[in-house]
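For reference, the structure discussed in these notes is given below.
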Amino acid sequence: MAIPKVCGIETEYGIVLRGTGDSNPIAASSVLINAYVSDLQRRVGWDFEDESPGNDARGFAREGSMPPEVETHLVNAVLTNGARYYVDHAHPEFSTPECADPLQCVLYDKAGERILTRSMEAAARVLPAGQDIVVYKNNSDRKGNSYGCHENYLMDRQAPFPRIVHHAMPHLITRQIYTGAGKVGTETAQPGGKEVSFQLTQRADFFEEEVGLETTLKRPIVNTRDEPHADAQKYRRLHVIVGDANLAEVSTFLKVGVTVVVLCMIEDDWFGDKDFTFASPVQALRRISCDPGLSEALPLADGTTATALDIQWEYLDLARKYAEERGLGGVGEEVGEEVLRRWEEVLSGLETDPMSLADQLDWVAKYRLIDGYRQRHDLSWSDPKLAAMDLQYHDVRPSRSLFARLPMQRMVTEESVTEAITEPPPDTRAYFRGRCLQRWASCISAANWDSLVFDLGTDPLRRVPMMEPLRGTAAMVDSLLERCSEPAELLELLGS
Amino acid sequence: MAEREQKKKSAPARRAEEVEDVTPVSSEQGEKIKAELDELLDEIDDVLEENAEDFVRSYVQKGGQ
């Protein structure tokens, strides 16, 4: 049986420091995150009297071991909701805590946006007059520079990687029709010099390989990073780098939700001899993105052709049968049903009247808005006003965001989003991490995805391993935590 | 090469529009969205960045992942 698909999203935001000629994005990102963290300290009214100055973290901690490519001395905070907030590749990056299902992922992804908004407000209070920092939840500067929004999915180590590649790739290529965040124009030369007014995704322009380890150049459709942040004997973490950062909650929900369903089906070897491999996957990714009419049939390896919609319908058919026979335990039953329902609704909408989805999907919402403006003012698609609107759609400031002005469907309440800014999800190990940081941040010297390191001042550092993503939940540790008034008691009881 | 067989059948007659011609709004839901869009377009100039050209030119990011 497919294992529960613990999932998460990490987003690199675009960043601009305004009001100065010298805009260093790494410094700006550090200012942004430090401002948020300092503001948090002030806001919760932490008592600093008995604290040592080295311990500057309240509700967050410096992370211990980091992958070498991000081994920097930059800001790196772990928040009380279990998320990680740090500077990566000259961008502020927010990683959601481990989420138990796709809907929870939507919640924490949205909480991430609110944290960035609060960070900008906090930064404005510490920056010199006339300067401010603005962040954008997009994936491209329209000049050939891209930054990512990666998804992570817990998978059974026993699922053979070639099988994952084989059946995940056609899905990752064709899901663009509902996951795309939209882009005016392109950043790569098109075959035959074809003009592209508008494409479905931010990211398709930047993918050059089918499978590989890279994330910053020669990006592959299926990434092979094998770093589970969990028991490596039992699990793998599928790191999906080909998606767009979404603002629309339905887009995020389907991006993660359908992918979770497909990965469950792959684990259970549900595809049999069904094969939707594209003849030229990289070309298919780009051509689908550049075809908002959704009409182009592309060659498959087996000699037939199919449109992106065709393949999504085939995957949905298989998923329906899978749900009937095997259930959706790996997705979360109720959430799984909602994924299937919305998936079908969106495919039907895309087939008959894509614009009817303007309140659900990012690319449709953006297209509708920009094309409406274009027609009203009789502009050409190359007018800089439209490119500016494209960027401003992703502006995270509520007062300037074009997305925020659109009547989009919500999947989570704003009240629950506000709570998720500080509270961890109850049903993954993020709960243990978050609760410990809320109570004993000054005694935690390092927090990582798979461990917490306590520094009680006297003994050597004490490490609490968290190799099981579904342990450390509220159900498992609440009564334990309630019994402990000091971290020493907790460590005693845990035997760490 | 022999003509390729098209994989899927359930879809209605395929459209073959130009890139710009995404199907126009027709449904009731679409009408509602259209009305809201018109309202938004009436006031959007107030929030748009003042100098679009400068704004787009100066938005430069370092590449990331």
Side-chain angles (χ1 to χ4, degrees), chain A residues 12 14-16 25 88-91 141-143 145-148 150 196-198 215-216 241 290-293 295 297 299-300 303-307 309-311 313-314 351-356 358-359 367-369 371-373 376 381 384-385 387-389 391-392 399-400 402 405-407, chain B:
Chain A
E12 291 180 340
I15 183 163
V16 176
D88 196 9
H89 295 281
H91 298 273
D141 68 356
R142 307 186 46 80
K143 296 166 188 69
N145 301 309
S146 184
Y147 32 100
H150 298 176
V196 174
S197 310
F198 186 92
T215 56
T216 56
I241 70 169
C290 290
D291 175 33
S295 58
L300 301 190
T304 61
T305 64
T307 65
L309 258 171
D310 292 339
I311 291 178
W313 279 120
E314 293 275 2
E351 192 164 85
T352 55
D353 181 5
M355 290 305 114
S356 68
D359 62 344
Y367 178 90
R368 187 88 198 116
L369 178 68
D371 191 49
Y373 191 85
R376 178 178 285 212
W381 273 104
K385 275 208 171 73
M389 289 176 76
L391 290 174
Q392 209 180 327
S399 59
R400 305 294 275 189
L402 298 187
R405 306 182 84 81
L406 295 167
Chain B
M1 189 195 287
E3 198 161 292
R4 285 165 182 272
E5 171 202 345
Q6 174 120 2
K7 202 126 204 148
K8 175 74 188 194
K9 338 75 200 175
S10 85
R14 296 274 150 196
R15 303 172 302 273
E17 300 112 327
E18 291 300 300
V19 165
E20 291 90 324
D21 300 337
V22 178
T23 311
V25 172
S26 59
S27 68
E28 197 179 313
Q29 174 70 2
E31 289 301 332
K32 183 170 154 275
I33 293 170
K34 189 171 185 305
E36 283 164 340
L37 178 74
D38 280 340
E39 218 168 287
L40 177 57
L41 289 174
D42 288 340
E43 55 190 40
I44 200 166
D45 282 315
D46 295 341
V47 278
L48 290 182
E49 294 285 344
E50 276 174 19
N51 189 329
E53 209 162 332
D54 275 359
F55 171 55
V56 172
R57 192 185 318 115
S58 65
Y59 186 82
V60 181
Q61 297 291 305
K62 284 224 162 50
Q65 296 200 331

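Residue numbering restarts at 1 for every chain, and letters A, B, ... go by the order of the sequence lines. In this text the structure is predicted, and so the values were computed from the model without any measurement.
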> By a 4.5 Å heavy-atom criterion (distance strictly below it), what part of A:I15 contacts chain B: side chain, backbone, both, or neither?
Replying inline: both

>> Taking every non-hydrogen pair under 4.5 Å, which of A:S146, A:G372, A:S399 racks up the most with chain B?
In response: A:S146

>> What I'd like to find out is whether the side chain of B:E36 reaches to under 4.5 Å of the side chain of A:D359, using heavy atoms alone.
In response: no

>> For B:Q61, is there any backbone N or O sitting under 3.5 Å from a side-chain donor or acceptor partner on A:K143?
In response: no

>> Report which part of B:D45 has an atom under 4.5 Å of a heavy atom belonging to chain A: side chain, backbone, both, or neither.
In response: side chain

> Going through the checks in order, is the side chain to side chain contact (heavy atoms under 4.5 Å, CB included) test met by B:E49 and A:L391?
Replying inline: CA-CA 10 Å; B:E49 294 285 344; A:L391 290 174; over 6 Å; no

> For the residue pair B:Q65 and A:D88, what are the closest heavy atoms and their distance?
Replying inline: NE2-OD2, 3.8 Å

> If every non-hydrogen atom of A:A388 is compared with every non-hydrogen atom of B:A52, which pair is closest and at what distance?
Replying inline: CB-CB, 3.7 Å

> For B:E50, which residues count as a salt bridge (Lys or Arg N to Asp or Glu O under 4.0 Å) partner, sequence neighbours excluded?
Replying inline: none

> Of the backbone (N, CA, C, O) and the side chain (C-beta and beyond), which part of B:D42 lies under 4.5 Å from a heavy atom of chain A, both, or neither?
Replying inline: both

>> Show, in sequence, the C-alpha distance, side-chain angles and deciding distance for A:L402 and B:L40, and conclude whether the side chain to side chain contact (heavy atoms under 4.5 Å, CB included) test is met.
In response: CA-CA 10 Å; A:L402 298 187; B:L40 177 57; over 6 Å; no

>> Checking the side chain of A:Q392 only, and the main-chain atoms of B:V47 only, is there a donor and an acceptor separated by less than 3.5 Å?
In response: yes

> What distance separates B:K62 NZ from A:H91 NE2, expressed to the nearest 0.5 Å?
Replying inline: 9.0 Å

>> When you compare the side chain of A:L369 with that of B:L41, does any pair of heavy atoms fall below 4.5 Å?
In response: yes

>> Heavy-atom cut-off 4.5 Å, strictly under: side chain, backbone, both or neither for A:R376 against chain B?
In response: side chain

